[in-house]
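Comments concern the structure below.
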Amino acid sequence: MTDTSNARPAEGEAQAPRQSRLLRLMRYLPLIAPVLLWAVPCWVLLYTGQHWPLPVTVAGTALFVLGLAAMPLAMMRGHGRRQQDRAAIIGDTLLGGSWVLFTWSVLLGTLLRLALTVAGVGESEDRARIVTWAVLGVSAALLAWGYVEARRVPRVRRLDVSLPRLGAGLDGLRVVLITDTHYGPLDRARWSTRVCETVNTLEADVVCHTGDIADGTAERRRAQATPLATVRATEARVYVTGNHEYYSEAQGWVDLMDELGWEPLRNRHVLLERGGDTLVVAGVDDVTAESSGLVGHRAHLAGALDGADPGLPVLLLAHQPKFVDRAAAAGIDLQLSGHTHGGQIWPFHHLVRLDQPALAGLSRHGVRTLLYTSRGTGFWGPPFRVFAPSEITLLVLRSPQQR
């Protein structure tokens, strides 16, 4: 047997400086990121051999500087203490626009310039100007399309999910999932009504909302959330909190959903019985709940399952996919989550995957547990969805013991 006790402190000491440097870098990220988002496209589009007339260069540079100054200011006024919706809309739109412009300035700008050079197209100045117009055209087209995608009523995504422990009496149970509606600065009361009308066409037995209802308090966003009262389900309408509720008085949202006829599953469960078989439908608070300081709010799976027969199949609602590690350890059959938005604006999904085990769709974790991650019904912040379409999900639960 090798004694490694002497090596561990040395390893810990070596890791500590690296972690400390990473934490220091993360502190400066809010300052560095906006500069990169605006400075890189400015350089690529104006200063890489285009030789634009001086008025064009000056005007273009001024626009980028204005965007760099306006975006963080608007976001602070919109999402800080003042909560000014108009400022939030401006800041969020600038954030989404700068992200798309940054992405395609780097990707398309580099690849197209290389292709034009290899093909021997034009002089250096001609190639540089072609790159500028191509990046601007692609970015404008993606932002226009992304805005339409974000504002439309989501398409319905249907899939069958086989649960080995599901009794035959529950075969065909229809579960509809909506999540991340993010009612916010852009008034979406009409959109909310149309989403609920779409849900009602699906003849659901159970309708689930897995959190992030809104950005703002329940009192402030009540008009947008009120259509949720019209949602129909033959068995249950259930809801769990997301992390954004804890930015805006989570208990107010729990109370409002209860008032609208939804059953908040705050670390508790309900039983669904059909044809002599039973399904446990459980829910937990979001994993950020405990750090919110609200008394009694925390993600507590043992509490959610307290009193349930361990031999019964369990459908668990948990806002963030990363809760699936705890779900798998407890032998949960199916977890429903949202939170990721599928990345919302490509290629942001690569950053999401650093924090979450799944981005979208159905995945298996451990021996028994399935996880379904929705791309979300609404959008957060920037009113764009690029290569990450929103969804309303219809999951039909299947039993291998069909009668």
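All values reported here derive from a predicted model rather than from experimental measurement.
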Can you establish whether the number of heavy atoms outside [X] located under 6.0 Å from its atom [atom1] is more than 12?
X      : atom1 : value
Glu290 : CD    : no
Phe348 : CZ    : no
Trp145 : CH2   : yes

side-chain contact (heavy atoms from CB on, under 4.5 Å) partners for Thr278, two or more places apart =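 So Thr278 forms a side-chain contact (heavy atoms from CB on, under 4.5 Å) with Leu271, Glu273, Leu312.
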Short question: side chain of Thr110, backbone of Leu107 - any donor-acceptor pair under 3.5 Å?
->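 No, the answer is negative, given that no donor and acceptor are paired below the 3.5 Å cut-off.
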For Leu317 and Tyr239, what are the C-alpha separation, side-chain angles and deciding distance, and is it a side chain to side chain contact (heavy atoms under 4.5 Å, CB included)?
-> CA-CA 8 Å; Leu317 277 60; Tyr239 154 75; over 6 Å; no
Could you verify whether a donor N or O on one side chain and an acceptor N or O on the other, from [X] and [Y], lie under 3.5 Å apart?
X      : Y      : value
Glu203 : Thr201 : no
Gln50  : Thr132 : yes
His79  : Asp215 : no
Arg221 : Ser248 : no
Tyr47  : Thr61  : yes

Which residue in the set [options] passes side-chain contact (heavy atoms from CB on, under 4.5 Å) when paired with [X]?
X      : options                        : answer
Cys196 : Leu228, Val153, Ile178, Val207 : Leu228
Val287 : Gln320, His319, Arg298         : Gln320
Phe379 : Thr181, Asp180, Leu186         : Leu186

List in chain and number order the residues that pass side-chain hydrogen bond (donor to acceptor under 3.5 Å, both in side chains) with Asn267, two or more places apart in sequence or in another chain; answer none if no residue qualifies.
->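 Applying side-chain hydrogen bond (donor to acceptor under 3.5 Å, both in side chains) to Asn267 gives Asp285.
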List for me each residue that meets side-chain hydrogen bond (donor to acceptor under 3.5 Å, both in side chains) alongside Arg165, sequence neighbours excluded, and say none if there are none.
->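 Counting only residues at least two positions away or on another chain, Arg165 forms a side-chain hydrogen bond (donor to acceptor under 3.5 Å, both in side chains) with Asp333.
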Assess the pair Tyr246 and Trp253: is the distance between their ring centroids shorter than 6.0 Å?
->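 They do not qualify: ring centres at least 6.0 Å apart.
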Going by salt bridge (charged side-chain N to carboxylate O under 4.0 Å, His left out), name the residues that satisfy it together with [X], two or more places apart in sequence or in a different chain.
X      : answer
Arg385 : none
Glu149 : Arg152, Arg155
Asp187 : none

For Leu177 and Val175, what are the C-alpha separation, side-chain angles and deciding distance, and is it a side chain to side chain contact (heavy atoms under 4.5 Å, CB included)?
-> CA-CA 7 Å; Leu177 171 62; Val175 178; 5.6 Å; no
I would like to know whether Glu219 and Glu249 meet side chain to side chain contact (heavy atoms under 4.5 Å, CB included); could you show each step before the answer?
-> CA-CA 10 Å; Glu219 180 181 358; Glu249 301 176 10; over 6 Å; no
Does the pair His365 and Gln335 meet the rule for a side chain to side chain contact (heavy atoms under 4.5 Å, CB included), with working shown?
-> CA-CA 10 Å; His365 302 263; Gln335 175 179 316; over 6 Å; no
